Amino acid sequence: MGWIGRVIRYVRDRIRRNFIAGFVVIVPLGLTFYVVAAIVHWADRFLELVPQRFLPETYLGFRIPGLGVILTLLFIQVVGFLSANLLGHSVVRTYERVLDRIPVVRTLYQAVKQFLEQLIDARSDRFHRVVLVEYPRKGIYSIGFVTGVSRGEVQNRTPQKVLNVFVPTTPNPTSGYYLLVPEEDAVPLQISVEQAFKLIMSAGMVGWEPLETKARPGGRAASADFIDPATK
């Protein structure tokens, strides 16, 4: 029975290893396909705004997958082109003044717009610093992203320089917590934003590759590390 037991264990281990290997391949592929399919399906709903007589499927007899994505991208390009010229800029300013008169809508619109501008602008220095902060309590650390230096009433009420830090949640980094952290308590990490997102989404299983940069002495953030872009 000894050799039979060894054979059984060997087969069981092989089945387990093969299952794990297949699981690691299929799950990321499946999730990626699901996300892409969801985006394509959402973009294809843009076709519902187009009159039926203008759709290619009316004449071809079949639906073209992904056509909504192409039209959505073209629509974004057209809106961007129009908003960049004088007439389009005037239209944008007009509807922004209208939205500015609606309290709740005004706050939401301005917050989303400013966030996207800072996130997309490659020249922006916001959301490009990864730090370690003691959260949710002393002795326990979380990874966060510095989005700027606090100003106004918040800064006036604190004895030290305070940073705006966004701490994402796992495995969904689009939600999280907004923290006000003293500059000396923010420990800079030698990893990129992309690596930090991998760490957060995978619960620490991937993304530990360090950047090829010289580590800061002492591990704490120096004042020059967090220069507010708005003050440049």
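Everything quoted here is computed from the prediction, not taken from an experiment. Count residues from 1 along the sequence. Hydrogens, waters and symmetry mates are skipped; everything else that's a heavy atom, side chains included, is used.
Of all the heavy atoms in Y135 and S142, the pair that sits closest is O-OG, 2.7 Å. Taking both residues in full, the closest heavy atoms of Q155 and S150 are given as OE1-O, 2.9 Å, listed atom of the first, atom of the second, then distance. The nearest pair of heavy atoms linking I200 to P168 is CD1-CG, 3.6 Å. Contact record, G176 with T169: CA-CG2, 3.8 Å, taken as the closest heavy-atom pair.
Contact annotation: the side chain of I143 approaches that of V130 to within less than 4.5 Å [non-hydrogen atoms, C-beta and beyond]. In this structure, V165 and Y177 have side chains that are not in contact, with every pair of non-hydrogen atoms separated by 4.5 Å or more. L180 places a side-chain heavy atom less than 4.5 Å from the side chain of N164.
Put simply, I15 and I4 are part of the same group of oily side chains (I, L, V, M, F, W, Y) that touch within less than 4.5 Å, one to the next. In the hydrophobic clustering of this structure, V167 does not group with V154; members are Ile, Leu, Val, Met, Phe, Trp, Tyr whose side-chain heavy atoms approach within less than 4.5 Å, directly or through other members. When hydrophobic clusters are built by joining Ile, Leu, Val, Met, Phe, Trp and Tyr residues whose side-chain heavy atoms come closer than 4.5 Å, directly or via intermediates, V146 is not grouped with V162. Linking ILVMFWY residues whenever their side-chain heavy atoms come closer than 4.5 Å, directly or via other members, leaves M201 and F166 in distinct clusters.
From Q190, atom CD reaches atom CD of Q195 across 10.5 Å, with rounding to the nearest 0.5 Å. Taken to the nearest 0.5 Å, the CD1 atom of I8 stands 12.0 Å off from the CG atom of D13. Atom OG1 of T147 is separated from atom OH of Y178 by 6.5 Å, given to the nearest 0.5 angstrom. Interatomic distance, CD1 of I191 versus CG of L132, reported as 9.0 Å (0.5 Å rounding).
Applying the 6.0 Å contact sphere to CD1 of I140 captures more than 12 heavy atoms from other residues, nucleotides or ligands. Within a 6.0 Å sphere centred on CZ of F19, heavy atoms belonging to other residues, nucleotides or ligands number 12 at most. Shown here is E194, whose CD atom has no more than 12 heavy atoms of other residues, nucleotides or ligands within 6.0 Å.
In this view, R17 satisfies the salt bridge (charged side-chain N to carboxylate O under 4.0 Å, His left out) rule with no residue, not counting sequence neighbours. For E153, the side-chain hydrogen bond (donor to acceptor under 3.5 Å, both in side chains) partners at least two apart in sequence or on another chain are R157.
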Please report the C-alpha distance between V149 and L163 in whole Å, then the side-chain angles of each, then the deciding distance to 0.1 Å, and finally whether the side chain to side chain contact (heavy atoms under 4.5 Å, CB included) criterion is met. CA-CA 5 Å; V149 179; L163 303 175; 4.0 Å; yes

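Each salt bridge (charged side-chain N to carboxylate O under 4.0 Å, His left out) pair with one or both residues in residues 86-107, not counting sequence neighbours, appears once here: E96-K113.
The backbone N or O of V181 sits nowhere less than 3.5 Å from a side-chain atom of D185 that would complete a donor-acceptor pair.
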